[in-house]
Amino acid sequence: MRLEPNSRKEQIFDIAIRMFAQDGFENVSMRDIAAQAGITAASIYNHFSSKEEILGAIYLYFGKLRVDLRKDTRQIKAAVETGSALDVLTIFLDPAITNHEEKIALRMVLISKIIMMRIFNDPKANQFFLHEMFETDMRYMKKWLGYAVEIGRLAEEFDIENFSIFYWRQLIMMGIWAFADPNYEVRILDEEAVLLNWFAGMLPLKNPARPI
């Protein structure tokens, strides 16, 4: 799905994201979204055929952007070769939230909330969460920690598998805890820095080899 900046379709998309995240997908109708967009109930169908289509577009947008906005491979490689443990862990954070414009960051946080709200009653959300979020992030992290082993910055006996599992599960739990707070405001969580520093202390990267 293509979203033209400042288009009516983008407006509808963003309104639907906000309403689904606030009120729940089941409690929002196409008529509700149209009213918030300031258009007639009939005209919204010129852009989306149903709220299910909007939800599907939201999932696709989220999955594609999380991959497209990752750092350049050369940047990642350089961080793993010479960076601190904190530098390396920061690579794995969602780049659409940490390194992009506020509008995109807001979308991505709210979509995360929508997915978390729906993983128990929506098979698509459940599979998306397990495969497009958790498993994809795990593979990404394990790949680069494996590279750290290859270049001698991380000992071969280091348990990459369990470290990666606990890292991502703690990030997910932090998000769930925030979303469960009725006073939560969409922002980068202060707790994220605490969590990153804690895990950085458990990632025993050796100092980079100095050229002779």
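The chain is numbered in sequence order, starting from 1. FYI, side chains are in, hydrogens and waters are out, and symmetry mates aren't considered; it's all heavy atoms of this structure. Remember, predicted model here, so these are calculated numbers, not experimental data.
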Seminar exercise, completed: In this structure, CG of Asn126 is separated from CD1 of Ile115 (nearest 0.5 Å) by 11.0 Å
For this session: Please lay out, stage by stage, how Leu145 and Leu203 fare under the test side chain to side chain contact (heavy atoms under 4.5 Å, CB included).
Result: CA-CA 10 Å; Leu145 292 183; Leu203 186 60; 4.2 Å; yes
For this session: List the atom of Pro204, the atom of Leu154, and the distance in Å for their closest heavy-atom pair.
Result: O-CD1, 3.9 Å
For this session: Taking all non-hydrogen atoms of both residues into account, name the closest pair between Met108 and Tyr61 and its distance.
Result: SD-CE2, 4.0 Å
Exercise. If you take all heavy atoms of Met202 and Phe158, which pair is closest and at what distance?
Worked result: O-CE1, 3.6 Å
For this session: Could you check Phe62 against Met133 for side chain to side chain contact (heavy atoms under 4.5 Å, CB included), going step by step and ending with a plain yes or no?
Result: CA-CA 10 Å; Phe62 185 78; Met133 294 176 65; 3.7 Å; yes
Exercise. Are Glu26 and Lys51 close enough for a salt bridge, meaning some N to O gap below 4.0 Å?
Worked result: no
Exercise. If every non-hydrogen atom of Ala85 is compared with every non-hydrogen atom of Ala200, which pair is closest and at what distance?
Worked result: CB-O, 3.5 Å
For this session: Please examine the side chains of Asp122 and Tyr59, heavy atoms only from C-beta on, and report whether any two atoms are closer than 4.5 Å.
Result: yes
Problem set entry | Side chains of Leu60 and Lys64 in contact at under 4.5 Å (non-hydrogen atoms) | no
Seminar exercise, completed: One should read off an interatomic distance between Asn46 CG and Arg8 CZ, to the nearest 0.5 angstrom, of 11.0 Å
For this session: Supply the atom-to-atom distance Leu195 CG to Gln170 CD, rounded to the nearest 0.5 angstrom.
Result: 6.0 Å
For this session: Carefully, step by step, assess Tyr140 and Ile76 under the rule side chain to side chain contact (heavy atoms under 4.5 Å, CB included).
Result: CA-CA 11 Å; Tyr140 183 57; Ile76 303 171; 3.1 Å; yes
For this session: Supply the atom-to-atom distance Glu10 CD to Ile12 CD1, rounded to the nearest 0.5 angstrom.
Result: 11.0 Å
Problem set entry | Heavy-atom side-chain contact between Ile176 and Met173 under 4.5 Å | yes
Problem set entry | Residue pair Ile172 / Met116, side-chain heavy-atom distance below 4.5 Å | yes
Problem set entry | Nearest heavy-atom neighbours spanning Ser43 and Ile39 | OG-CB, 3.5 Å
Problem set entry | Arg107 side chain to Phe13 backbone, donor-acceptor under 3.5 Å | no
Exercise. Cut-off 3.5 Å, side chains only: do Asp87 and Thr90 have a donor facing an acceptor?
Worked result: no
Seminar exercise, completed: Between Ala37 and Gln11 the two heavy atoms that sit nearest each other are O-NE2, 3.4 Å
Exercise. Is Asp32 reaching over with its side chain to a backbone N or O of Val28, donor-acceptor style, under 3.5 angstrom?
Worked result: no
For this session: Take Glu161 and Lys142 through the salt bridge (Lys or Arg N to Asp or Glu O under 4.0 Å) test and state the conclusion after the steps.
Result: CA-CA 7 Å; Glu161 180 76 22; Lys142 287 161 61 177; 2.6 Å; yes
Exercise. Do the side chains of Leu171 and Phe134 get nearer than 4.5 Å, heavy atoms only?
Worked result: no
For this session: Check the hydrophobic clustering (I, L, V, M, F, W, Y; side-chain heavy atoms under 4.5 Å; chains of links allowed) and say if Val194 and Val88 are grouped together.
Result: no
For this session: Answer yes or no: is there a donor N or O on one side and an acceptor on the other, between the side chain of Tyr167 and the main chain of Leu89, under 3.5 Å?
Result: yes
For this session: Could you state whether Phe129 and Trp177 fall into the same hydrophobic cluster, counting links through intermediate Ile, Leu, Val, Met, Phe, Trp or Tyr residues with side-chain heavy atoms under 4.5 angstrom apart?
Result: no
Exercise. Roughly how far, to the nearest 0.5 Å, is the CZ atom of Arg31 from the OG atom of Ser29?
Worked result: 7.0 Å
Problem set entry | Test side chain to side chain contact (heavy atoms under 4.5 Å, CB included) applied to Ile33 and Met19, step by step | CA-CA 8 Å; Ile33 299 169; Met19 295 185 75; 4.1 Å; yes
For this session: Report yes if some heavy atom in the side chain of Phe25 is under 4.5 Å from a heavy atom in the side chain of Met117; otherwise report no.
Result: no
For this session: Check whether any side-chain heavy atom of Ile91 sits under 4.5 Å from a side-chain heavy atom of Trp144, and report yes or no.
Result: no
Exercise. Is there side-chain contact between Ile58 and Phe20, with heavy atoms separated by less than 4.5 Å?
Worked result: yes
Seminar exercise, completed: Distance col, row Met30:CE vs Ile54:CD1, nearest 0.5 angstrom, shows 4.5 Å
